[in-house]
Amino acid sequence: MVFHSKPAMEQFSLQFSPFPLIDLSKPDSQSQLVKACEEVGFFKVINHGVPLEFMAELESEAIKFFSLPLSEKLKAGPPDPFGYGNKNIGCNGDLGWVEYLLLTTDADSIYHKFASIFGEAAADRFHCVLKDYLTAVKKMACRILEMVAEGLEIEPRDALSKLLMDEQSDSVFRVNHYPARAGSEGGNVIGFGEHTDPQIISVLRSNNTSGLQIWMKEGEWISIPPDQYSFFINVGDSLQVMTNGRFKSVRHRVVANSPRSRISMIYFGGPPLSEKIAPLPSLMEGEDSLYNEFTWFEYKKSVYNSRLADNRLGLFEKIAAS
Ligand SMILES: C=C1C[C@]23C[C@@]1(O)CC[C@H]2[C@@]12CC[C@H](O)[C@@](C)(C(=O)O1)[C@H]2[C@@H]3C(=O)O
Ligand SMILES: O=C(O)CCC(=O)C(=O)O
Ligand SMILES: [Fe+2]
């Protein structure tokens with residue numbers, strides 16, 4: 001798969017996007033990031049520094065995997081929580097027009113699981129490509145979190161990024177495949193139901209097929225035009241709490257309505273299980289925390305007992321005194 005440079009027309013349309021678009025090579029990107037996290041909780045980044053060939057190679061591997069006969073793919077499932085899943089999302093009855101691989105970000109342990117199912121040569125290639133991609137995406141996510149910390153004057157500068165860098169970081173990686181919808185199948189179906197991501201930050205890349213939508217505070221879903229060269233970033237619930245509600249974890253979903261299949265890959269940067277998720281003291285400025293204190297382990301446990309669309313943070317919000 002070869003990527004060509006971005007056409008001039010696309011560069012032009014970026015300036016008229018209804019959601020923030022941030023060029024990480026620009027000097028004002030730090031303040032833009034903070035504004036985007038506060039106002040929308042979602043933005044697109046360009047000049048991100050992730051080599052295009054890492055993105056293309058992982059997409060090729062994903063296509064190879066999803067093209068296998070179902071009986072082969074099922075050998076890598078069911079997700080427990082990691083592995084291959086088909087239509088069932090989580091364990092509480094959510095369904096979507098999607099098949100996926102849910103993986104740990106520890107590429108070495110993925111290698112062992114894959115080698116035992118698909119043989120060493122296939123596992124070797126997947127491991128290599130995945131490792132390159134994850135290393136580059138995690139670096140970009142940390143860079144964004146450090147810029148955000150600087151913009152918010154959080155000390156130390158790595159207060160957020162160190163949670164992703166920690167060896168015990170509970171990060172997850174997911175590759176979703178939304179099969180093409182043939183014309184006769186008609187209409188929109190839900191590919192991935194509406195939800196917020198529970199972790200700190202999510203970094204999404206897709207092929208050039210549409211489907212992703214975000215919920216705007218004006219009360220409408222807007223469709224995000226796909227862009228295979230760029231990344232889309234979501235503020236997660238944990239970052240919303242760490243900023244005491246200043247940043248918003250955005251509701252999003254995928255509508256499967258395309259005659260072409262959609263492939264997306266998302267890195268969910270999470271903290272270690274024992275990490276306390278609470279507003280950072282320097283952001284409190286005399287305010288009270290909006291949330292009861294909890295660890296990532298406690299939140300994750302509650303997340304995995306919930307349905308996709310549930311307001312998971314609601315359970316941890318302090319009841320405002322009247
Ligand atoms: C229905 C579910 C799937 C999910 C766990 C949950 O019980 C509720 C949150 C879901 C979600 C959404 C973002 C990520 O895709 C995900 C991996 C996560 O951390 O929370 C999924 C979970 C999953 O697919 O297991
Ligand atoms: O597949 C996509 O584009 C988004 C999926 C998503 O939001 C998720 O996996 O959490
Ligand atoms: Fe999501």
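We use all heavy atoms of the structure for the numbers below, so side chains are in, but hydrogens, waters and symmetry mates are not. Just so you know, ligand 1 is whichever comes first in the structure, and atom 1 is the first atom listed for that ligand.
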Give the atom numbers and elements of ligand 1 that come within less than 4.0 Å of a heavy atom of Asp197.
13 (C)
Do the rings of Tyr84 and Phe66 sit parallel, tilted or perpendicular, given the 30° and 60° boundaries?
tilted
What protein heavy atom sits nearest atom 25 (O) of ligand 1, and how far off is it?
Tyr304 CE2, 3.3 Å
Short N/O distance, under 3.5 Å, between Val303 and ligand 1?
yes
Which of the atoms in ligand 1, numbered in the order shown and given with their element, are less than 4.0 Å from a heavy-atom of Asp94?
1 (C)
Can you list the atoms of ligand 1 that are under 4.0 Å from a heavy atom of Leu308?
1 (C), 10 (C)
Considering only non-hydrogen protein atoms, determine which one is nearest to atom 12 (C) of ligand 1 and report residue, atom name and distance to 0.1 Å.
His195 CD2, 3.7 Å
In the protein, which heavy atom is nearest to atom 14 (C) of ligand 1, and how far is it?
Phe268 CZ, 3.5 Å
Please check if the distance between the ring centroids of Phe118 and Phe126 is under 6.0 Å.
no
Non-hydrogen side-chain atoms of Leu130 and Leu103 separated by less than 4.5 Å
yes
Less than 3.5 Å between some nitrogen or oxygen of Asn305 and one of ligand 1, yes or no?
no
Any salt bridge between Lys318 and Asp288, counting N to O under 4.0 Å?
no
Report, in ascending order of atom number, the atoms of ligand 1 lying under 4.0 Å from any heavy atom of Asn92.
7 (O)
List, ordered by chain and residue number, the protein residues whose closest non-hydrogen atom lies under 4.0 Å from any atom of ligand 2.
Arg174, Asn176, Tyr178, Phe192, His195, Asp197, Leu204, His252, Val254, Arg262, Ser264, Ile266, Phe268
Rounded to the nearest 0.5 Å, what separates atom CZ in Phe82 from atom CG in Asp106?
9.5 Å
With 2.8 Å as the threshold, which protein atoms of type N, O or S lie near the Fe ion (ligand 3)? Leave waters out.
His195 NE2, Asp197 OD1, His252 NE2
Is the Phe19 ring parallel, tilted or perpendicular to the Phe42 ring (thresholds 30°, 60°)?
perpendicular
Note: Ile89, heavy atoms under 4.0 Å from ligand 1, region reported as both
Counting from 1 in the order shown, the ligand 1 atoms closer than 4.0 Å to a non-hydrogen atom of Pro198 are 13 (C), 18 (C), 19 (O), 20 (O)
Tyr291 side chain to Gln240 side chain, donor-acceptor N/O pair below 3.5 angstrom
yes
Using distance alone, determine whether Ser306 and ligand 1 share an N or O pair under 3.5 Å.
yes
Ignoring hydrogens and angles, tell me if any N or O in the side chain of Asn234 forms a donor-acceptor pair with the backbone of Gly236 under 3.5 Å.
no
Heavy atoms from other residues, nucleotides or ligands near CZ of Phe316 exceed 12 (cutoff 6.0 Å)
yes
Out of curiosity, His177 NE2 to Glu99 CD, how far, rounded to the nearest 0.5 Å?
5.5 Å
Beyond-backbone contact of Asn176 with Val254, side-chain heavy atoms, under 4.5 angstrom
no
I'd like the name of whichever of Ala309, Gly90, Pro79 reaches closest to atom 2 (C) of ligand 1 through any heavy atom.
Gly90
My understanding is that only one of Asp197, Thr196, Ile214 makes a side chain to side chain contact (heavy atoms under 4.5 Å, CB included) with Val250; could you say which?
Ile214
Quick note on ligand 1: atoms under 4.0 Å from a heavy atom of Arg174 include exactly 14 (C), 15 (O), 16 (C), 17 (C), 21 (C), 23 (C), 24 (O)
How many angstroms lie between CD1 in Ile201 and CG in Leu164, if you round to the nearest 0.5 Å?
7.5 Å
Let me see the working for Asp310 and Leu315 under side chain to side chain contact (heavy atoms under 4.5 Å, CB included), right down to the final yes or no.
CA-CA 10 Å; Asp310 289 348; Leu315 291 174; over 6 Å; no
Quick one: salt bridge (Lys or Arg N to Asp or Glu O under 4.0 Å) partners of Arg246, sequence neighbours excluded?
Glu38
Using a 3.5 Å cut-off on N or O atoms only, is Arg312 in polar contact with ligand 1?
no
Walk me through it: do Phe192 and Tyr100 pass the test ring pair (Phe, Tyr, Trp, His ring centres under 6.0 Å)?
CA-CA 11 Å; Phe192 205 110; Tyr100 59 88; 7.4 Å; no
Atom 19 (O) of ligand 1: which protein heavy atom is closest, and how many Å away?
Gln199 NE2, 2.9 Å
For residues 246-287, the ring-ring contact (aromatic ring centres under 6.0 Å, His included) pairs (sequence neighbours left out) are His195-His252
Is atom 23 (C) of ligand 1 touching the protein, meaning some protein heavy atom lies under 4.0 Å away?
yes
Charged N-O contact under 4.0 Å between Glu72 and Lys75:
yes
